[in-house]
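Reviewing the structure listed below.
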There are 2 protein chains.
Amino acid sequence: MEIKVVNFEKKFEKIKDLHSYKVIAQMNNYYFKLVKMQREFIWHQHPETDEVFIVIDGNLTIELRDKTLHIKRLEMVVIPKGVEHKPSCNKECKILLIEPMETINTGNISSDLTDTKLEWI
Amino acid sequence: MEIKVVNFEKKFEKIKDLHSYKVIAQMNNYYFKLVKMQREFIWHQHPETDEVFIVIDGNLTIELRDKTLHIKRLEMVVIPKGVEHKPSCNKECKILLIEPMETINTGNISSDLTDTKLEWI
(Lines give C-alpha, C1' and ligand atoms only; values in the text may rest on other atoms or scores of the structure.)
Protein backbone atom coordinates (compact mmCIF):
# COMPACT_ATOMS: atom_id res chain seq x y z
CA MET A 1 0.00 0.00 0.00
CA GLU A 2 1.29 3.50 -0.79
CA ILE A 3 2.49 5.47 2.22
CA LYS A 4 0.37 8.62 2.41
CA VAL A 5 -0.17 11.43 4.87
CA VAL A 6 -3.79 11.54 6.06
CA ASN A 7 -5.35 14.87 7.02
CA PHE A 8 -8.30 14.36 9.36
CA GLU A 9 -10.16 17.52 8.36
CA LYS A 10 -9.84 16.81 4.63
CA LYS A 11 -11.10 13.27 5.16
CA PHE A 12 -14.08 14.53 7.19
CA GLU A 13 -14.94 16.87 4.29
CA LYS A 14 -15.47 13.74 2.17
CA ILE A 15 -17.96 12.27 4.61
CA LYS A 16 -21.44 13.50 3.79
CA ASP A 17 -23.56 11.29 6.00
CA LEU A 18 -23.82 11.00 9.74
CA HIS A 19 -23.03 7.59 11.29
CA SER A 20 -21.23 6.29 8.24
CA TYR A 21 -17.92 4.83 9.40
CA LYS A 22 -15.04 5.34 6.97
CA VAL A 23 -11.63 3.71 7.16
CA ILE A 24 -8.69 6.08 6.70
CA ALA A 25 -5.71 3.96 7.76
CA GLN A 26 -4.59 0.51 8.82
CA MET A 27 -1.88 -0.32 11.37
CA ASN A 28 -1.21 -4.08 11.52
CA ASN A 29 -4.71 -5.56 12.06
CA TYR A 30 -6.23 -2.33 13.37
CA TYR A 31 -8.36 0.15 11.48
CA PHE A 32 -8.47 3.91 12.01
CA LYS A 33 -12.04 5.00 11.26
CA LEU A 34 -13.69 8.40 11.11
CA VAL A 35 -17.34 9.01 11.88
CA LYS A 36 -19.55 12.06 12.14
CA MET A 37 -21.97 11.38 14.94
CA GLN A 38 -25.11 13.07 16.20
CA ARG A 39 -27.28 10.59 18.03
CA GLU A 40 -27.72 8.58 21.16
CA PHE A 41 -26.12 5.21 20.54
CA ILE A 42 -27.06 1.94 22.23
CA TRP A 43 -25.54 0.23 25.25
CA HIS A 44 -23.05 -2.37 24.07
CA GLN A 45 -19.63 -3.81 24.80
CA HIS A 46 -16.84 -5.42 22.82
CA PRO A 47 -16.07 -8.80 24.42
CA GLU A 48 -12.77 -9.24 22.54
CA THR A 49 -11.09 -5.85 22.45
CA ASP A 50 -10.43 -2.44 23.91
CA GLU A 51 -11.67 0.46 21.81
CA VAL A 52 -10.21 3.96 21.41
CA PHE A 53 -12.22 7.13 20.81
CA ILE A 54 -10.37 10.34 19.90
CA VAL A 55 -12.49 13.47 19.46
CA ILE A 56 -11.26 15.55 16.52
CA ASP A 57 -14.05 18.12 16.87
CA GLY A 58 -17.12 18.57 19.03
CA ASN A 59 -18.14 16.96 22.29
CA LEU A 60 -18.72 13.26 22.85
CA THR A 61 -20.42 11.79 25.89
CA ILE A 62 -19.87 8.16 26.81
CA GLU A 63 -22.04 6.75 29.55
CA LEU A 64 -20.62 3.87 31.56
CA ARG A 65 -22.68 1.96 34.10
CA ASP A 66 -20.98 3.80 36.98
CA LYS A 67 -20.07 7.21 35.52
CA THR A 68 -20.32 9.49 32.50
CA LEU A 69 -17.30 10.56 30.45
CA HIS A 70 -17.18 13.90 28.62
CA ILE A 71 -14.63 13.91 25.81
CA LYS A 72 -13.74 17.16 24.08
CA ARG A 73 -11.65 18.11 21.05
CA LEU A 74 -8.20 16.49 21.18
CA GLU A 75 -9.09 14.24 24.02
CA MET A 76 -9.19 10.44 23.97
CA VAL A 77 -10.46 7.55 26.00
CA VAL A 78 -9.87 3.79 25.95
CA ILE A 79 -12.96 1.72 26.68
CA PRO A 80 -11.62 -1.62 27.94
CA LYS A 81 -12.94 -4.85 26.49
CA GLY A 82 -16.11 -6.09 28.11
CA VAL A 83 -17.07 -2.69 29.53
CA GLU A 84 -20.60 -1.61 28.64
CA HIS A 85 -20.77 1.88 27.18
CA LYS A 86 -23.25 4.16 25.45
CA PRO A 87 -21.79 6.97 23.31
CA SER A 88 -23.89 10.00 22.40
CA CYS A 89 -23.54 13.46 20.84
CA ASN A 90 -26.41 15.94 20.82
CA LYS A 91 -24.54 18.14 18.31
CA GLU A 92 -22.43 16.83 15.47
CA CYS A 93 -19.16 15.41 16.70
CA LYS A 94 -16.17 14.22 14.65
CA ILE A 95 -14.59 11.08 16.02
CA LEU A 96 -11.53 8.97 15.23
CA LEU A 97 -12.01 5.35 16.29
CA ILE A 98 -9.18 2.84 16.60
CA GLU A 99 -10.02 -0.82 16.93
CA PRO A 100 -9.29 -4.23 15.38
CA MET A 101 -10.42 -4.57 11.76
CA GLU A 102 -13.13 -7.08 12.61
CA THR A 103 -14.75 -4.93 15.32
CA ILE A 104 -18.46 -4.22 14.82
CA ASN A 105 -19.79 -0.84 15.94
CA THR A 106 -22.55 -2.31 18.09
CA GLY A 107 -20.27 -4.90 19.69
CA ASN A 108 -22.21 -7.73 21.28
CA ILE A 109 -25.59 -6.31 20.22
CA SER A 110 -27.18 -6.84 16.82
CA SER A 111 -29.27 -3.77 16.08
CA ASP A 112 -30.65 -1.58 13.31
CA LEU A 113 -27.62 0.56 14.08
CA THR A 114 -25.16 -2.24 13.30
CA ASP A 115 -22.95 -1.09 10.42
CA THR A 116 -20.99 -3.81 8.66
CA LYS A 117 -20.23 -1.83 5.49
CA LEU A 118 -16.75 -0.38 5.80
CA GLU A 119 -15.56 1.83 3.00
CA TRP A 120 -12.08 3.36 2.69
CA ILE A 121 -11.87 7.05 1.90
CA MET B 1 -7.33 0.33 35.31
CA GLU B 2 -9.56 3.36 35.86
CA ILE B 3 -11.23 4.68 32.72
CA LYS B 4 -10.09 8.28 32.26
CA VAL B 5 -10.33 10.93 29.59
CA VAL B 6 -6.87 11.96 28.36
CA ASN B 7 -6.30 15.52 27.14
CA PHE B 8 -3.30 15.68 24.80
CA GLU B 9 -2.41 19.30 25.55
CA LYS B 10 -2.56 18.82 29.32
CA LYS B 11 -0.36 15.75 29.05
CA PHE B 12 2.15 17.65 26.90
CA GLU B 13 2.31 20.35 29.61
CA LYS B 14 3.66 17.67 31.95
CA ILE B 15 6.50 16.79 29.59
CA LYS B 16 9.48 19.02 30.29
CA ASP B 17 12.16 17.32 28.22
CA LEU B 18 12.54 16.82 24.52
CA HIS B 19 12.78 13.22 23.26
CA SER B 20 11.38 11.71 26.41
CA TYR B 21 8.63 9.29 25.41
CA LYS B 22 5.69 9.15 27.82
CA VAL B 23 2.88 6.61 27.78
CA ILE B 24 -0.61 8.08 28.09
CA ALA B 25 -2.85 5.13 27.22
CA GLN B 26 -2.95 1.44 26.44
CA MET B 27 -5.29 -0.32 23.99
CA ASN B 28 -4.88 -4.11 24.13
CA ASN B 29 -1.11 -4.59 23.68
CA TYR B 30 -0.53 -1.18 22.10
CA TYR B 31 0.81 1.96 23.77
CA PHE B 32 -0.15 5.53 22.96
CA LYS B 33 2.95 7.65 23.58
CA LEU B 34 3.58 11.37 23.46
CA VAL B 35 6.91 12.93 22.61
CA LYS B 36 8.19 16.46 22.09
CA MET B 37 10.73 16.27 19.31
CA GLN B 38 13.28 18.68 17.90
CA ARG B 39 16.07 16.75 16.24
CA GLU B 40 17.09 14.73 13.26
CA PHE B 41 16.51 11.10 14.17
CA ILE B 42 18.33 8.10 12.71
CA TRP B 43 17.40 5.83 9.85
CA HIS B 44 15.73 2.73 11.25
CA GLN B 45 12.87 0.32 10.68
CA HIS B 46 10.63 -1.87 12.81
CA PRO B 47 10.84 -5.44 11.49
CA GLU B 48 7.78 -6.63 13.42
CA THR B 49 5.22 -3.86 13.27
CA ASP B 50 3.64 -0.90 11.56
CA GLU B 51 3.99 2.39 13.42
CA VAL B 52 1.60 5.35 13.56
CA PHE B 53 2.63 9.00 13.88
CA ILE B 54 -0.05 11.62 14.57
CA VAL B 55 1.08 15.25 14.75
CA ILE B 56 -0.71 17.12 17.54
CA ASP B 57 1.24 20.34 16.97
CA GLY B 58 4.10 21.47 14.75
CA ASN B 59 5.55 19.95 11.60
CA LEU B 60 7.15 16.55 11.31
CA THR B 61 9.24 15.38 8.38
CA ILE B 62 9.74 11.68 7.73
CA GLU B 63 12.25 10.73 5.10
CA LEU B 64 11.71 7.43 3.33
CA ARG B 65 14.26 5.99 0.91
CA ASP B 66 12.14 7.05 -2.07
CA LYS B 67 10.30 10.18 -0.87
CA THR B 68 9.86 12.65 1.96
CA LEU B 69 6.64 12.98 3.96
CA HIS B 70 5.56 16.28 5.54
CA ILE B 71 3.09 15.78 8.36
CA LYS B 72 1.30 18.77 9.85
CA ARG B 73 -1.01 19.32 12.82
CA LEU B 74 -3.87 16.81 12.85
CA GLU B 75 -2.34 14.67 10.17
CA MET B 76 -1.19 11.08 10.52
CA VAL B 77 0.87 8.51 8.70
CA VAL B 78 1.36 4.76 9.04
CA ILE B 79 4.93 3.60 8.45
CA PRO B 80 4.60 -0.07 7.45
CA LYS B 81 6.75 -2.69 9.14
CA GLY B 82 10.16 -3.10 7.60
CA VAL B 83 10.15 0.30 5.89
CA GLU B 84 13.21 2.40 6.66
CA HIS B 85 12.38 5.90 7.83
CA LYS B 86 14.10 8.91 9.37
CA PRO B 87 11.89 11.36 11.30
CA SER B 88 13.03 14.92 11.97
CA CYS B 89 11.72 18.25 13.25
CA ASN B 90 13.77 21.43 13.05
CA LYS B 91 11.34 23.21 15.40
CA GLU B 92 9.64 21.56 18.37
CA CYS B 93 6.91 19.19 17.28
CA LYS B 94 4.35 17.38 19.47
CA ILE B 95 3.73 13.82 18.34
CA LEU B 96 1.39 11.00 19.31
CA LEU B 97 2.88 7.59 18.53
CA ILE B 98 0.88 4.36 18.45
CA GLU B 99 2.73 1.06 18.41
CA PRO B 100 2.96 -2.27 20.22
CA MET B 101 4.09 -2.00 23.85
CA GLU B 102 7.41 -3.70 23.16
CA THR B 103 8.40 -1.40 20.26
CA ILE B 104 11.76 0.37 20.69
CA ASN B 105 12.09 3.89 19.28
CA THR B 106 15.18 3.10 17.20
CA GLY B 107 13.72 -0.15 15.87
CA ASN B 108 16.39 -2.44 14.46
CA ILE B 109 19.25 -0.03 15.38
CA SER B 110 20.88 0.17 18.80
CA SER B 111 22.01 3.76 19.26
CA ASP B 112 22.69 6.45 21.85
CA LEU B 113 19.18 7.59 20.94
CA THR B 114 17.60 4.28 21.96
CA ASP B 115 15.14 4.97 24.78
CA THR B 116 14.01 1.97 26.79
CA LYS B 117 12.66 3.88 29.78
CA LEU B 118 8.93 4.27 29.40
CA GLU B 119 7.12 6.25 32.04
CA TRP B 120 3.36 6.75 32.26
CA ILE B 121 2.10 10.28 32.76
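In the text below, chain A, chain B and the rest are named by the order of the sequence lines, each starting its count at 1.
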Among the clusters formed by ILVMFWY side chains lying less than 4.5 Å apart, do A/V52 and A/V83 turn up in the same one?
no
Cluster overlap B/V35 with B/L118, hydrophobic side-chain contacts below 4.5 Å
yes
Heavy-atom distances under 4.5 Å only: say whether A/I24 touches chain B with side chain, backbone, both or neither.
side chain
With chain A as the partner, which of B/V78, B/V77, B/L74 has the greatest number of non-hydrogen pairs under 4.5 Å?
B/L74
Are B/V5 and B/F12 grouped together when hydrophobic residues (ILVMFWY) are joined by side-chain heavy atoms under 4.5 angstrom apart?
no
In the single-linkage hydrophobic clustering (I, L, V, M, F, W, Y; side-chain heavy atoms under 4.5 Å), do A/M76 and B/I15 co-cluster?
yes
Please check if A/F8 and A/I95 belong to a single hydrophobic cluster, counting links between Ile, Leu, Val, Met, Phe, Trp and Tyr side chain heavy atoms closer than 4.5 Å.
no
Go through chain A and chain B and list any donor-acceptor pairs closer than 3.5 Å, backbone and side chains both.
| from | atom 1 | to | atom 2 | distance (Å) |
| --- | --- | --- | --- | --- |
| A/I3 | O | B/K67 | NZ | 2.7 |
| A/V6 | N | B/M76 | O | 2.8 |
| A/V6 | O | B/M76 | N | 2.8 |
| A/N7 | ND2 | B/E75 | OE2 | 2.8 |
| A/F8 | N | B/L74 | O | 3.2 |
| A/N28 | N | B/D50 | OD2 | 2.6 |
| A/N28 | OD1 | B/D50 | N | 3.0 |
| A/N28 | ND2 | B/Y30 | OH | 2.9 |
| A/N28 | ND2 | B/T49 | OG1 | 2.7 |
| A/Y30 | OH | B/N28 | ND2 | 2.9 |
| A/T49 | OG1 | B/N28 | ND2 | 2.7 |
| A/D50 | N | B/N28 | OD1 | 3.0 |
| A/D50 | OD2 | B/N28 | N | 2.6 |
| A/K67 | NZ | B/I3 | O | 2.7 |
| A/L74 | O | B/F8 | N | 3.2 |
| A/E75 | OE2 | B/N7 | ND2 | 2.8 |
| A/M76 | N | B/V6 | O | 2.8 |
| A/M76 | O | B/V6 | N | 2.8 |

Roughly how far, to the nearest 0.5 Å, is the CG atom of A/L64 from the CD1 atom of B/I3?
5.0 Å
Mind ranking A/I98, A/I56, A/I62 by heavy-atom pairs under 4.5 Å with chain B and telling me who comes out on top?
A/I98
With sequence neighbours excluded, what pairs up with B/V55 under the side chain to side chain contact (heavy atoms under 4.5 Å, CB included) test?
B/L60, B/I71, B/C93
